[in-house]
Number of protein chains: 2
Amino acid sequence: MADSPRPPTPPGGPRGPEPRYGNRPTMKDVAARAGVGLKTVSRVVNGEPGVTPDTERRVQEAIESLGFRRNDSARVLRKGRTASIGLVLEDLADPFYGPLSRAVEEVARAHGALLINGSSAEDPDREQELALALCARRVDGLIVIPAGHDHRYLEPEIKAGIATVFVDRPPGRIDADVVLSDSFGGARAGVAHLIAHGHRRIAFIGDQPRIHTAVERLRGYRVAMEDAGLEIDDSWVALGSTAPERVQKAVTAVLSGPEPVTAIFAGNNRVTVTAVRVLAGQDRRVALVGFDDIELADLLGITVIAQDAATLGRTAAERLFRRLDGANDEPTQVALETVLIPRGSGEIPPSD
Amino acid sequence: MADSPRPPTPPGGPRGPEPRYGNRPTMKDVAARAGVGLKTVSRVVNGEPGVTPDTERRVQEAIESLGFRRNDSARVLRKGRTASIGLVLEDLADPFYGPLSRAVEEVARAHGALLINGSSAEDPDREQELALALCARRVDGLIVIPAGHDHRYLEPEIKAGIATVFVDRPPGRIDADVVLSDSFGGARAGVAHLIAHGHRRIAFIGDQPRIHTAVERLRGYRVAMEDAGLEIDDSWVALGSTAPERVQKAVTAVLSGPEPVTAIFAGNNRVTVTAVRVLAGQDRRVALVGFDDIELADLLGITVIAQDAATLGRTAAERLFRRLDGANDEPTQVALETVLIPRGSGEIPPSD
DNA sequence: CATTGCCCTGACAACGTTGTCCAGGGCCTA
DNA sequence: TAGGCCCTGGACAACGTTGTCAGGGCAATG
């Protein structure tokens with residue numbers, strides 16, 4: 001019975017941990033079965049040269065009959081590369097991040113790497129926990145959509161060779177590659193568009209002020225207003241959670257104050273969706289431009305500032321793999337252009 | 001200089017592979033720095049008992065000053081568990097799979113596991129390649145949304161202890177846990193709804209016939225028609241790619257044949273979206289019920305058969321972890337109910 | 001026929017961690 | 001004071017793979 005996959009635990013002496021991988025065959029078992037050396041099996045499995053066709057056949061047969069599959073955990077330990085990258089994003093369920101994630105995956109796949117991803121749920125602690133867990137797994141590279149504002153915790157990791165690229169928002173207190181959309185320019189153009197259609201009282205409803213894109217878009221709004229010589233009433237600006245209830249309240253408020261607005265700029269896709277719902281229940285026609293494109297927005301006639309999530313992800317991933325291939329230049333900042341897509345809601349004239 | 005993190009490569013003798021992890025410190029280095037044994041460092045890192053507070057402090061200091069982080073690759077090799085699960089789905093960018101994936105991730109997180117996911121792009125070979133790559137990584141468990149119809153390739157893996165659960169579609173030629181939505185019942189109810197509103201000529205436009213859900217939904221359509229004693233004209237049924245061009249053609253065709261339909265049942269979210277676009281350009285009002293809910297469908301008044309992607313994912317993941325915790329019962333089949341949400345498009349009366 | 005050189009092959013160490021076992025020291029008890 | 005126990009710490013092997021190196025067989029060459 002010398003060729004059973006694994007002898008039963010020897011009576012005495014140190015023993016490994018209990019379950020193992022259900023006693024999977026190893027290269028050693030394959031070698032024993034095929035009557036060759038361990039290294040020869042390794043050579044066959046990896047397609048390395050220097051194996052007689054006949055030997056190779058015997059090894060292949062042993063592999064088949066035992067159902068052997070190489071243990072990549074061990075391989076990783078030995079080689080020092082995991083052929084996997086990590087992606088920390090905010091919420092995989094958000095329709096904005098799905099395409100981004102998919103684009104990253106495609107690039108990874110083209111480089112033979114797998115993708116491990118996790119959602120930070122906009123919580124800096126959770127972002128850090130996730131990113132460090134990925135580093136402990138020794139992912140080759142890391143793509144992060146920051147939730148927090150201090151990424152010094154990644155310094156030792158980056159120094160230790162884990163390539164890191166930030167997307168959608170810049171990192172805090174650390175110098176690294178970044179790929180962004182032009183939030184400022186996009187918001188500015190969108191608000192200018194409303195102004196060009198005659199609006200003077202325009203609201204800005206956006207995400208929480210600790211999120212970089214929210215602040216940048218607000219800045220675009222302010223500058224566009226200033227460019228047109230328009231004063232901003234504080235009651236027109238609302239930053240906060242994008243939970244439907246909060247947005248609903250904010251929209252209702254800017255429509256009913258002493259100086260009701262005639263147009264709304266929505267800071268991201270979540271806000272836009274709720275704003276559209278609220279506006280649908282209004283008698284008055286209120287103009288709307290939203291940041292981020294949304295599925296079916298064409299049918300609803302929603303004017304948007306579109307950013308290309310897939311390109312964002314692809315660009316970041318390509319940057320990452322360029323680093324992994326040895327690129328050693330200074331960290332770069334890329335800002336992708338946004339596109340204004342007029343569909344009706346942004347071209348509604350002021351109602352007063 | 002006895003405590004530099006790693007001595008330079010010794011002059012002779014075998015050497016490891018080249019780059020390594022940028023020379024990261026190991027427990028051995030930490031031990032040397034703290035003046036303790038290797039195992040003591042391991043104990044501190046893992047919070048195991050049996051270490052004096054003073055010793056622990058010294059070790060912690062060494063860890064901090066060296067920037068040590070445990071190498072989970074090695075840990076995995078030793079422990080035989082990776083604390084990660086794999087998810088093979090069709091397309092991460094599809095708004096249906098985002099929430100599903102996120103739900104799986106949440107459950108995994110609750111069990112301290114990371115999620116590795118990949119898209120099969122509806123290609124059976126790619127599904128297999130991905131699933132096997134995940135197995136080679138020795139994920140603890142696997143959740144698969146099948147693209148192919150033969151999953152015998154997973155048999156050795158399952159036998160070797162990789163828990164596997166299929167979601168959204170049943171596996172082929174293998175017995176395993178499955179979590180589905182009730183495609184048949186949902187479609188049947190949706191078509192019955194149209195019939196109840198007076199329709200007699202109803203089209204079914206669905207996904208490719210090799211996809212299980214497409215076939216089940218078609219079956220639901222057929223049975224509902226039969227229940228009502230209605231004949232089906234072959235020209236009313238179109239299965240195929242969900243690419244917009246194909247769907248557009250199919251919709252146009254069923255509206256313009258010799259026996260134009262007065263209502264359409266759309267087989268999934270992709271089909272619905274395109275169908276809505278086509279119908280928006282028609283003079284005639286055509287009723288529509290779609291399988292899958294869609295964001296903003298409420299505003300567009302689209303009647304749908306809603307399935308809960310998040311619950312689908314959560315249920316599957318919970319089932320998986322129950323297996324990982326040792327549950328050994330027979331494979332189970334779960335079918336989740338669907339909900340008909342009337343919003344207008346499904347209540348349009350026949351136009352002839 | 002002897003020698004050189006190539007081609008296959010396998011023995012061995014090492015990757016960084018954790019499980020097991022043993023040794024030494026301090027403290028308590030008799 | 002002696003004996004025993006517990007607590008702490010370390011030596012060692014092992015997880016499954018791959019890089020290095022050395023040895024044996026064989027053909028070609030002088």
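Note that this is a predicted model, so its numbers are computed, not measured. Chain identifiers are assigned alphabetically (A, B, ...) following the order of the sequence lines, protein sequences preceding nucleic acid strands; residue numbering begins at 1 within each chain.
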Which heavy atom of A:F68 sits nearest a heavy atom of A:P25, and at what distance?
-> CD1-O, 3.4 Å

Between CG of A:D54 and P of C:dC7 the distance, given in whole Å, is 19 Å

If you look only at pairs with a residue in residues 103-141 of chain B, which of them pass as a ring pair (Phe, Tyr, Trp, His ring centres under 6.0 Å), with sequence neighbours excluded?
-> B:H111-B:F321

Would you please test B:I116 and B:L87 for side chain to side chain contact (heavy atoms under 4.5 Å, CB included) and show each step?
-> CA-CA 6 Å; B:I116 309 182; B:L87 172 61; over 6 Å; no

Looking only at atom types and distance, does a side-chain atom of A:E56 sit under 3.5 Å from a main-chain N or O of A:V51, one as donor and one as acceptor?
-> no

Expressed in angstrom and rounded to an integer, what is the separation of A:D29 atom CG from D:dC15 atom C1'?
-> 13 Å

Do nucleotides 4-11 of chain D as a string where each nucleotide becomes B, S or -: B if the base has a protein heavy atom under 4.0 Å, S if just the sugar-phosphate does, - if no protein is that close.
-> ----SBBB

Can you find a side-chain donor-acceptor pair between A:S73 and A:N71 that sits under 3.5 Å?
-> yes

Please state how far atom CZ in B:R75 lies from atom C1' in C:dG16, giving the value in whole angstrom units.
-> 12 Å

Write down the distance between CD (A:E48) and P (D:dG19), rounded to a whole number of angstrom.
-> 6 Å

Distance-only polar pair, side chains of A:R33 and A:S65, donor-acceptor under 3.5 Å = yes

Spacing of A:L77 atom CG relative to C:dG16 atom C1', expressed in whole Å = 6 Å

Check whether any side-chain heavy atom of B:I145 lies under 4.5 Å from a side-chain heavy atom of B:R169, and answer yes or no.
-> yes

For D:dC15, take OP1 and OP2 only and decide whether either is under 4.0 Å from a side-chain N or O of A:R78.
-> no

Donor-acceptor contact present, side-chain B:E61 to main-chain B:A34, <3.5 Å = no

If you measure from the Lys or Arg side-chain nitrogens to the Asp or Glu carboxylate oxygens, is any gap between A:R322 and A:D329 under 4.0 Å?
-> no

Specify the separation, in whole Å, of atom CG of A:N46 and atom C1' of D:dT20.
-> 16 Å

Starting from C1' on C:dT18, measure out to CZ on B:R81 and report it in whole angstrom.
-> 16 Å

Nearest-nucleotide pick for B:T26, side chain only, options being C:dG19, C:dT17, D:dG19 | C:dT17

At under 4.0 Å, does any side-chain N or O of B:S42 touch on OP1 or OP2 of C:dT17?
-> no

What's the NZ-P distance between B:K28 and C:dT18, to the nearest Å?
-> 16 Å

Please give the angle, rounded to 10 degrees, between the axes at the start and the end of the helix from C:dC1-D:dG30 to C:dA30-D:dT1, where five pairs define each axis.
-> 50°

